[in-house]
Amino acid sequence: MRALEWAIQQSKRKNSHIKEPAVIGAVIQLGTCFDLLDVKFTRELQRVSERFIAKFKAEGGALPKNQGVTGGDYDWLKRHLDCFVLNNTLPIIEASLDCEFDTVRGVFQEGEPIFKGAGLKLKSHIQITVRNPSAIIGYFKPENL
């Protein structure tokens with residue numbers, strides 16, 4: 001349901017390429033996964049990204065910034081910095097670990113608190129990036145949407 005909500009919201013934005021919002025389900029074998037739900041990987045990302053960012057800035061690079069969609073958006077739905085750092089550090093991490101990551105998994109806390117004082121958010125979800133297409137075992141039309 002969250003994916004469909006997102007697609008509908010995107011379709012209503014100015015200049016959206018989404019004309020008919022829809023979702024598909026996928027069966028994904030995570031394989032060798034860079035799992036941002038595991039401190040083994042978040043600590044490695046922290047270590048490598050600090051060095052990458054320092055070197056990038058020293059060479060005169062300007063880092064992109066995470067942004068909200070609207071002025072009051074605290075969810076940072078436009079994660080330009082996160083994407084840039086992950087895309088540039090994963091090859092470094094893969095080389096140091098002598099592996100290739102098939103997938104990347106992360107959790108996104110999003111939306112209003114579910115109830116007053118809650119740390120749980122209404123639109124939280126897990127996202128998986130498939131880097132190796134063979135990790136996709138199959139796809140299907142979700143029921144009840």
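Values below: every heavy atom of this structure, side chains too, minus hydrogens, waters and symmetry copies. The model shown is predicted, which means the values in this text are computed figures rather than measured ones.
- Among residues two or more places apart in sequence or in another chain, the side-chain contact (heavy atoms from CB on, under 4.5 Å) test is passed with Ala95 by none.
- Residues satisfying the salt bridge (charged side-chain N to carboxylate O under 4.0 Å, His left out) test with Asp35, not counting sequence neighbours, are Arg105.
- Taking the side chain as every heavy atom from C-beta outward, Ile128 and Leu30 approach each other to under 4.5 Å.
- With a 4.5 Å cut-off between side-chain heavy atoms of Ile, Leu, Val, Met, Phe, Trp and Tyr, the cluster of Ile137 takes in Val27, Phe140.
- Using a cutoff of 4.0 Å between basic side-chain nitrogens and carboxylate oxygens, Arg131 and Glu94 are scored as salt-bridged.
- Here Arg51 pairs with nothing under the salt bridge (charged side-chain N to carboxylate O under 4.0 Å, His left out) rule; sequence neighbours left out.
- Chaining together hydrophobic side chains whose heavy atoms lie under 4.5 Å apart places Leu63 alongside Phe34, Leu36, Phe41, Leu45, Val48, Phe52, Ile53, Phe56, Leu81, Phe84, Val85, Leu86, Leu90, Ile92, Ile93, Leu97, Phe101, Val104.
- Through chains of ILVMFWY side-chain contacts below 4.5 Å, Phe115 is grouped with Ile114, Leu120.
- A heavy-atom distance below 4.5 Å is not found between the side chains of Leu122 and Pro113.
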### Task
Test Val130 against Ile28 for side-chain contact (heavy atoms from CB on, under 4.5 Å), laying out the working first.
CA-CA 8 Å; Val130 176; Ile28 299 169; 4.0 Å; yes
### Test log, rule side-chain contact (heavy atoms from CB on, under 4.5 Å), inputs Ser96 and Glu44
CA-CA 10 Å; Ser96 72; Glu44 184 69 8; 3.9 Å; yes
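- How far NZ of Lys57 is from CD of Glu59: 13.5 Å, rounded to the nearest 0.5 Å.
- Using modelled atom types and a 3.5 Å distance limit, the side chains of Gln109 and Ser124 yield a donor-acceptor pair.
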### Task
Before giving the answer on salt bridge (Lys or Arg N to Asp or Glu O under 4.0 Å), spell out for Glu110 and Arg2 the whole-Å C-alpha distance, their side-chain angles and the decisive distance to 0.1 Å.
CA-CA 11 Å; Glu110 183 184 344; Arg2 177 63 192 123; 2.7 Å; yes
